[in-house]
Amino acid sequence: MKKKLSSKLEKWSVKLLVMALLSIVWIGFYIPVEADSAVGSPKLAVLVDGRKVRFQGGEPVSENGRVQVPLRGIGEALKAEIGFSGKTVTYRKDGKLIALTLGSKEAVVNGKNVTMDTAAKAVKGRTYVPLRFVSENLGVPVNWDGVGNWVWIGSKYVPDITEVESVKKLSLNNNFINMFGTKLHLLDGKKDVRIFTIDDLPLRIDHFIVYDIWPVMFGDYQSIRIRFSAGLGPIYYLQQGELPRYRNSADPIKQSDKTIIRTYKTTSEYDQIVNNDVHYMQFKLNKAEYIGFQMGTESLTLLQNPFK
């Protein structure tokens, strides 16, 4: 009886020691998000009806609080008819007509002269137009998202990951299973794989919305930040030939729009203690093939690493 009791106590002692070590690791690598010394911010993006606009040959730019975009890309996203005449570009949609001239703040809206607060201009050989002016004068509302550095045009509906055609649905085959090695518990209840890209965001996954992800630096330490609607959101980094690198986040940063931003370390002593990886410091964000989201779905949910 005493031997059994002693054996049980030894097992519990080992468990408590492991828990204590993990707590020390977590505290030792805690990121002081309250002070928020992070260097790095979300990328400027334009969304039409909840989907990112993929501009060809140029990205949106912001100057003095005004967002300008490639003229053709925004016209096509708004389903407007686009016309050209010399330095003048026109947009026609639902009986509305806008005419803008490169380098001029004067525009014509439905036959009336209007002065804009910024002019259409050339950026790296491409014509850029004021986003808000074009969209609102074509009858489509614009909202600035200061938290995400996004411009929302039209509806703010965020689709479920199962509704987006560009998200790949694959079988849970050995190519994926082998990436988990001995950590197969992360696959419990998973029936298939869904792989999305950063351009597919925002997406509703499980009961939460994943808005965006971006890299940040705390001095010499690299991390990533993810903006959620809510939830705990543990993640893991996946790469061939290595065990998953599981990460919990630092305390969430609550935003004015009630979303939260979570910070996840790239390099962590957790890998040495749990995965016996003595070379854990050599892991860098660009080595991961996928970033996995530990969600309560039947699909293994993976983001194709945009930071490779």
Asker: Say you draw a straight line from CD of Glu298 to NZ of Lys191; how long is it, rounded to the nearest 0.5 Å?
Answerer: 4.0 Å

Asker: Scan side-chain atoms only and decide if Glu106 and Thr101 contain a donor-acceptor pair under the 3.5 Å cut-off.
Answerer: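 No, no side-chain donor-acceptor pair sits under 3.5 Å.
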
Asker: So, Lys121 and Glu63, do they make that salt bridge, N to O below 4.0 Å?
Answerer: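 Looking at Lys121 and Glu63, the cut-off is met.
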
Asker: Indicate, with yes or no, if Ile177 and Leu300 share a hydrophobic cluster defined by side-chain heavy-atom contacts under 4.5 Å among Ile, Leu, Val, Met, Phe, Trp and Tyr.
Answerer: yes

Asker: For residues Tyr236 and Phe180, establish whether the separation of their ring centroids is below 6.0 Å.
Answerer: yes

Asker: Any side-chain heavy atom of Phe133 within less than 4.5 Å of one from Leu100?
Answerer: yes

Asker: Would you call Asp271 and Arg247 a salt bridge, using N to O less than 4.0 angstrom?
Answerer: yes

Asker: Working to the nearest 0.5 angstrom, can you tell me the gap between Ile161 CD1 and Met295 CE?
Answerer: 9.0 Å

Asker: Regarding Arg227 and Asp257, does a basic nitrogen lie under 4.0 Å from an acidic carboxylate oxygen?
Answerer: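 Yes, Arg227 and Asp257 are salt-bridged.
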
Asker: Measure from NZ or CZ of Arg245 to the centre of the six-membered ring of Tyr270, then state whether that distance is under 6.0 Å and the direction lies within 45° of the axis.
Answerer: no

Asker: One thing to verify: whether Lys105 and Asp117 come together as a salt bridge, which I'm taking to mean a side-chain N less than 4.0 angstrom from a carboxylate O.
Answerer: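 Looking at Lys105 together with Asp117, the answer is no, because their closest N to O distance does not fall below 4.0 Å.
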
Asker: Is there a donor-acceptor pair closer than 3.5 Å between any side-chain N or O of Lys287 and the backbone N or O of Gln282?
Answerer: yes

Asker: Strictly distance-based, threshold 3.5 Å: is any side-chain N or O of Asp206 a donor or acceptor partner for the main-chain N or O of Thr297?
Answerer: no

Asker: Which residues pass the side chain to side chain donor-acceptor pair (under 3.5 Å) test with Ser166, not counting sequence neighbours?
Answerer: Asp200

Asker: Can you tell me if Ser299 and Asp192 form a side-chain donor-acceptor pair at under 3.5 Å?
Answerer: yes

Asker: Mind checking the NZ-OH spacing from Lys308 to Tyr290? Nearest 0.5 Å is all I need.
Answerer: 9.5 Å

